[in-house]
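Below: the structure, in structure tokens.
In what follows, chains carry the letters A, B, and so on, assigned in the order in which the sequence lines appear, proteins first and then strands, with residues in each chain numbered from 1. The structure displayed is predicted, hence computed values, not measured ones.
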Amino acid sequence: MKILFFGTPRFAEIILQGLFDNNFDVVGVVCQNDKPAGRGNKMKTPHIVEIAREKGVPVYQFEKIREHIEDFKAMDYDLAVTASYGKILPKSFLDLKPCINVHPSMLPKYRGATPIQSALLNGDTMTGVSIMKTEVGMDDGDIFVQKEVEILPEDDYVSLLDKLAKVGLDLLIETLHKIENGNAIRTPQDDSKATFVKLIQKEDALLDFSMSAQSLVNKVRAFCENPVAFFHLGEDRIKVYKAKVANMSTDAPVGQIISTKKHFQIQAADGVFEILKCQASGGKVMDASSFLNGYRFKTMAVSL
RNA sequence: CGCGAGGUAGAGCAGCUCGGAAGCUCGCCGGGCUCAUAACCCGGAGGUCACAGGUUCAAAUCCUGUCCUCGCAA
């Protein structure tokens, strides 16, 4: 069975690599265009391109899928597989050949672009992965199989994504075999239970200390890779990569920095938020003790 | 040529404006105090101040070039 793979970021990389490792016949990889990124706005090629090229698999970076329907018609493949491709596939493409999708949530919960972050933000203790038929609608196709995955308190976006991708790979392989053998069964989603999650904006990552300490920690966990939770301290912007709820209570006002000696602690609405790993503008990411060793506090209250 | 910050001991920083004996916090090693400790006290090791040129009696500090790291914006 010849597979045409669609996907761009890390989640897709893991799935694609897994397909290669299990000797699936991937005949092409479609991913997003090179984009100007970082300092100097140099063009950056998605990392998945390297993974594909290592295997000698052709890579297609189409700006608009619907303008390349003829190209797809000319390709020799049996099934399209998508894994966080990042764009909605047009009906004209979906009508060509069957297409299935790996979605990191227990559909119909968390349809949309940010299921992993949303589960963390909401403090969920369980999430999962679904393999489904790709349809024109947003993540609303029939489900082949799905499996729950536990979210541990210490999980963050990166660790959870890795877990979900691995489970997703297993489920995908299982489904591919069933499709090949003609015994795949799929069941419709219960649309009445569907929930949707939106793209993340940079401002969503601002830490508002009038929220609970746990929800602040959840924000840090959800955004640890991008855009990274942050707050303003005087003129500086501090990005927080890792944090926990400190087991203590004070009567300090919200946003007050409680300790800068051994611990970097800030008062939140209902408790104390402790920073474990952070970064100031222009500086490197460092653990709290290193940060506190050198940082010169000009103010002891977070700008709200 | 998008805007900006920075490279000084194992880590994080000050010193640079106004050139003139390398400092601070933490860690590490040794000793002391303590019922005890992430606490406290005393002592110690550890740095060609990113690299290369230049100016100077003298450069971490001034000038020129190179390499590297990072924040913002897209």
Side-chain angles (χ1 to χ4, degrees), chain A residues 7-13 31-50 61-64 84-88 112-114 117 153-154 156-158 198-209 213 216-217 219-250 252 255-267 271-304:
Chain A
T8 306
R10 181 171 168 75
F11 186 79
E13 287 171 21
C31 70
Q32 301 221 13
N33 276 323
D34 292 3
K35 282 192 259 185
R39 254 158 268 126
N41 289 327
K42 297 187 184 95
M43 293 301 277
K44 190 172 181 189
T45 302
H47 180 245
I48 199 166
V49 170
E50 286 176 40
Q61 293 174 277
F62 296 140
E63 178 65 36
K64 290 192 167 142
S84 69
Y85 173 60
K87 290 186 180 181
I88 294 173
T114 55
Q117 293 94 328
E154 61 268 28
D156 63 12
Y157 176 74
V158 174
K198 292 183 207 155
L199 278 171
I200 292 163
Q201 306 299 321
K202 201 143 266 188
E203 280 307 301
D204 297 335
L206 176 65
L207 294 172
D208 172 1
F209 288 90
L216 291 170
V217 169
K219 229 176 205 196
V220 171
R221 294 202 292 156
F223 299 149
C224 71
E225 184 177 71
N226 188 274
V228 184
F230 69 95
F231 63 93
H232 294 286
L233 190 58
E235 307 255 310
D236 291 335
R237 169 185 283 223
I238 310 292
K239 290 165 97 169
V240 184
Y241 289 82
K242 198 172 177 191
K244 68 171 186 180
V245 177
N247 184 22
M248 62 187 285
S249 63
T250 75
Q256 177 76 33
I257 295 174
I258 293 161
S259 168
T260 60
K261 204 157 188 184
K262 288 286 177 192
H263 303 280
F264 192 179
Q265 297 167 327
I266 300 175
Q267 181 67 42
V272 176
F273 175 77
E274 178 165 343
I275 294 166
L276 300 174
K277 195 186 277 187
C278 63
Q279 175 184 40
S281 309
K284 292 179 182 172
V285 179
M286 58 189 90
D287 58 39
S289 62
S290 290
F291 182 85
L292 296 173
N293 268 336
Y295 190 77
R296 309 201 147 188
F297 285 88
K298 297 180 195 78
T299 171
M300 294 302 278
V302 172
S303 320
L304 297 175

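- The distance from atom CG of A:Asp287 to atom P of B:rG27 is 12 Å, rounded to the nearest whole Å.
- Checking B:rC3 for Watson-Crick or G-U wobble geometry (two distances, each under 3.5 Å) identifies B:rG71 as its partner.
- Residues A:Phe273 and A:Val302 are not in side-chain contact: their nearest non-hydrogen atoms beyond the backbone lie 4.5 Å or more apart.
- Comparing B:rG7 with B:rG12, their C1' atoms sit 13 Å apart, to the nearest whole Å.
- For the pair A:Phe297 CZ and B:rG12 C1', the computed distance is 12 Å after rounding to whole Å.
- Figure legend. B:rG27 is base-paired to no nucleotide; pairs are counted as Watson-Crick or G-U wobble with both atom distances under 3.5 Å.
- Side-chain N/O atoms of A:Gln279 include one lying less than 4.0 angstrom from OP1 or OP2 on B:rG71.
- Taking atom CG on A:Asp236 and atom P on B:rC72, their separation rounds to 12 Å, with Å as the unit.
- Atom P of B:rG53 sits at a distance of 14 Å from the matching atom of B:rA59, rounded to the whole Å.
- In this entry the distance linking NE2 of A:His263 with P of B:rC26 reads 14 Å, nearest Å.
- Contact annotation: the side chain of A:Phe231 approaches that of A:Ile275 to within less than 4.5 Å [non-hydrogen atoms, C-beta and beyond].
- Proximity of a side-chain donor or acceptor of A:Lys219 to a complementary backbone N or O of A:Asp204 within less than 3.5 Å is detected.
- The closest donor-acceptor contact from the side chain of A:Gln61 to the backbone of A:Gln32 lies under 3.5 Å.
- At distances below 3.5 Å, not a single donor-acceptor pair connects side-chain atoms of A:Asp236 with backbone N or O atoms of A:Ile238.
- Nearest-nucleotide positions on RNA chain B for A:Arg237 and A:Phe291 put A:Phe291 closer to the 5' end.
- The CD-C1' distance, from A:Glu235 to B:rG71, rounds to 14 Å in whole Å.
- When the C1' atom is compared between B:rC40 and B:rG4, the two are found 43 Å apart, to the nearest whole Å.
- The residue A:Ala37 sits close to a base: some heavy atom pair falls under 4.0 Å.
- Judged by Watson-Crick or G-U wobble contacts below 3.5 Å, the nucleotide B:rC62 has B:rG54 as its partner.
- Judged by distance alone, the side chain of A:Thr114 and the main-chain N or O of A:Lys198 form a donor-acceptor pair under 3.5 Å.
- When the side-chain nitrogen and oxygen atoms of A:Lys284 are compared with OP1 and OP2 of B:rA11, none of them lie within a distance under 4.0 Å.
- Within the 4.0 angstrom heavy-atom criterion, only backbone atoms of the sugar-phosphate kind lie near A:Lys202; the bases stay farther away.
- Taking atom C1' on both B:rU17 and B:rU25, the two are 25 Å apart, rounded to the nearest angstrom.
- Atom CZ of A:Arg39 and atom C1' of B:rC3 are 12 Å apart (whole Å).
- Only the P atoms considered, B:rA45 is 32 Å distant from B:rG6, to the nearest whole Å.
- Straight-line distance between the P atoms of B:rC1 and B:rA9: roughly 37 Å, to the nearest whole Å.
- Nucleotide B:rA5 holds its P atom 16 Å from the OH atom of A:Tyr295, rounded to whole Å.
- Comparing B:rC62 with B:rC16, their P atoms sit 9 Å apart, to the nearest whole Å.
- In this structure a side-chain-to-backbone donor-acceptor pair under 3.5 Å is missing from A:Lys87 to A:Lys64.
- Nucleotide B:rA9: unpaired (no Watson-Crick or G-U wobble partner with both distances less than 3.5 Å).
- Between B:rG46 and B:rC51, the two C1' atoms lie 22 Å apart (nearest whole Å).
- When both pairing distances are held under 3.5 Å, B:rU34 makes no Watson-Crick or G-U pair with any nucleotide shown.
- For A:Gln201 and B:rA74, the CD to P distance is 11 Å, given to the nearest whole Å.
- Distances shorter than 4.0 Å separate some side-chain N or O of A:Lys239 from OP1 or OP2 on B:rC72.
- With RNA chain B read from its 5' end, the first of the two nearest nucleotides for A:Lys262 and A:Val285 is the one closest to A:Lys262.
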